[in-house]
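One structure below.
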Amino acid sequence: VQLQASGGGLVQAGGSLRLSCAGSGRTFSTYDMAWFRQAAGKEREFVAAIRWNGADKYYVDSVKGRFTISKDNAKNTLYLQMNSLKPEDTAIYYCAGNRNRIITSRRSEILAYEYWGQGTLVTVSS
């Protein structure tokens, strides 16, 4: 499957953005999906993950209550709604997918994901 992330941009602190990740292929609906981010000079970190059928969602503590991950299998698209954005949310955001149902035990591990989008830049100004 190929993943294409979009929706990044420049926003003021307190603002909102919605990221999208369009997937190709017929098996997208069966993939556990996640969002990671990488700020300048830092390692890539887990942000949120969703089970293939949308039944379970997981978030890093720093975005809980502000970000919402969702998945529309009919449209082969993953979303990340980001509200109350902070300057520390500034990063390149990547979507990732795995077909082996790893979300329960390995959802925050970069190496657990087989497929990656190209990244979309989110910049939050103070």
Side-chain angles (χ1 to χ4, degrees):
V1 68
Q2 292 184 324
L3 302 175
Q4 181 77 29
S6 63
L10 174 63
V11 63
Q12 289 188 331
S16 298
L17 281 175
R18 188 176 80 157
L19 306 183
S20 298
C21 175
S24 64
R26 294 174 295 175
T27 56
F28 178 88
S29 63
T30 66
Y31 286 25
D32 290 340
M33 299 293 296
W35 288 97
F36 286 75
R37 66 185 179 186
Q38 187 166 16
K42 296 186 177 181
E43 294 184 351
R44 192 170 300 189
E45 67 171 356
F46 169 78
V47 176
I50 187 168
R51 193 174 296 280
W52 66 275
N53 60 359
D56 299 292
K57 302 176 182 181
Y58 304 89
Y59 301 91
V60 67
D61 286 346
S62 60
V63 308
K64 284 180 181 177
R66 301 188 298 121
F67 291 11
T68 302
I69 189 171
S70 61
K71 188 171 184 266
D72 187 335
N73 286 333
K75 295 183 178 180
N76 276 10
T77 304
L78 174 74
Y79 301 100
L80 186 67
Q81 177 66 44
M82 305 186 295
N83 299 328
S84 302
L85 282 161
K86 304 176 180 180
E88 52 263 44
D89 295 319
T90 295
I92 299 174
Y93 284 71
Y94 299 89
C95 55
N98 186 289
R99 57 184 169 175
N100 294 318
R101 312 289 170 87
I102 50 82
I103 197 170
T104 300
S105 58
R106 304 183 63 198
R107 55 184 170 269
S108 63
E109 298 179 22
I110 293 172
L111 294 179
Y113 292 88
E114 303 170 275
Y115 306 102
W116 290 84
Q118 84 290 1
T120 185
L121 176 63
V122 172
T123 304
V124 184
S125 63
S126 57

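Y79 and W116 fall into different hydrophobic clusters, where Ile, Leu, Val, Met, Phe, Trp and Tyr are joined by side-chain heavy atoms under 4.5 Å apart, directly or via other members. Under the 4.5 Å side-chain heavy-atom criterion for Ile, Leu, Val, Met, Phe, Trp and Tyr, V63 and W35 are members of the same hydrophobic cluster.
Judged by distance alone, with hydrogens and angles left aside, the side-chain atoms of D72 form a donor-acceptor pair with the main-chain N or O of K75 at under 3.5 Å. With hydrogens and angles ignored, the 3.5 Å screen pairs a side-chain donor or acceptor of R66 with a backbone N or O of S84.
Side-chain contact check for R37 versus D89: some heavy-atom pair is nearer than 4.5 Å. Side-chain contact between Y59 and V47 is absent, with no heavy-atom pair separated by less than 4.5 Å. In this structure, the side chains of L80 and T68 stay at 4.5 Å or more apart for every pair of heavy atoms. Within the 4.5 Å cutoff, the side chain of M33 has heavy atoms near those of the L3 side chain. A 4.5 Å side-chain heavy-atom check between Y31 and L78 finds every atom pair outside the cut-off.
Summarising the geometry, atom OG belonging to S62 is positioned 8.0 Å from atom NZ belonging to K86; distances are rounded to the nearest 0.5 Å. The CG atom of D32 lies 8.5 Å from the CG atom of N53; values are rounded to the nearest 0.5 Å. The line from CD1 of I50 to NZ of K71 is 7.0 Å long, rounded to the nearest 0.5 Å. Distance check, rounded to the nearest 0.5 Å: CH2 of W52 to OG of S29 gives 7.5 Å.
When the shell of 6.0 Å around CD of Q2 is examined, it contains 12 or fewer heavy atoms from other residues, nucleotides or ligands.
The side chain to side chain donor-acceptor pair (under 3.5 Å) analysis of residues 96-107, with sequence neighbours excluded, yields the pairs R51-T104, R99-E114, R106-E109.
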(message) Show, in sequence, the C-alpha distance, side-chain angles and deciding distance for I92 and T120, and conclude whether the side chain to side chain contact (heavy atoms under 4.5 Å, CB included) test is met.
(response) CA-CA 5 Å; I92 299 174; T120 185; 6.0 Å; no
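Taking the six-membered ring where the residue is Trp, F67 and Y93 present tilted rings, their angle falling between 30° and 60°.
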For a quick test of your reading: what N or O donor-acceptor pairs under 3.5 Å do the side chains of residues 4-16 make, sequence neighbours left out?
{"from": "S16", "atom 1": "OG", "to": "N83", "atom 2": "OD1", "distance (Å)": "2.9"}

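Among all heavy-atom pairs drawn from T77 and S20, the shortest one is CG2-CB, 4.2 Å. Here the closest non-hydrogen pair linking G117 and Y94 is O-CD2, 3.6 Å. For L17 against L85, the heavy-atom pair with the smallest separation is N-CD1, 3.9 Å.
Salt-bridge annotation for K64 and D61: present, with a side-chain N of the basic residue lying under 4.0 Å from a carboxylate O of the acidic one.
Aromatic ring centroids of F36 and Y113 lie under 6.0 Å apart.
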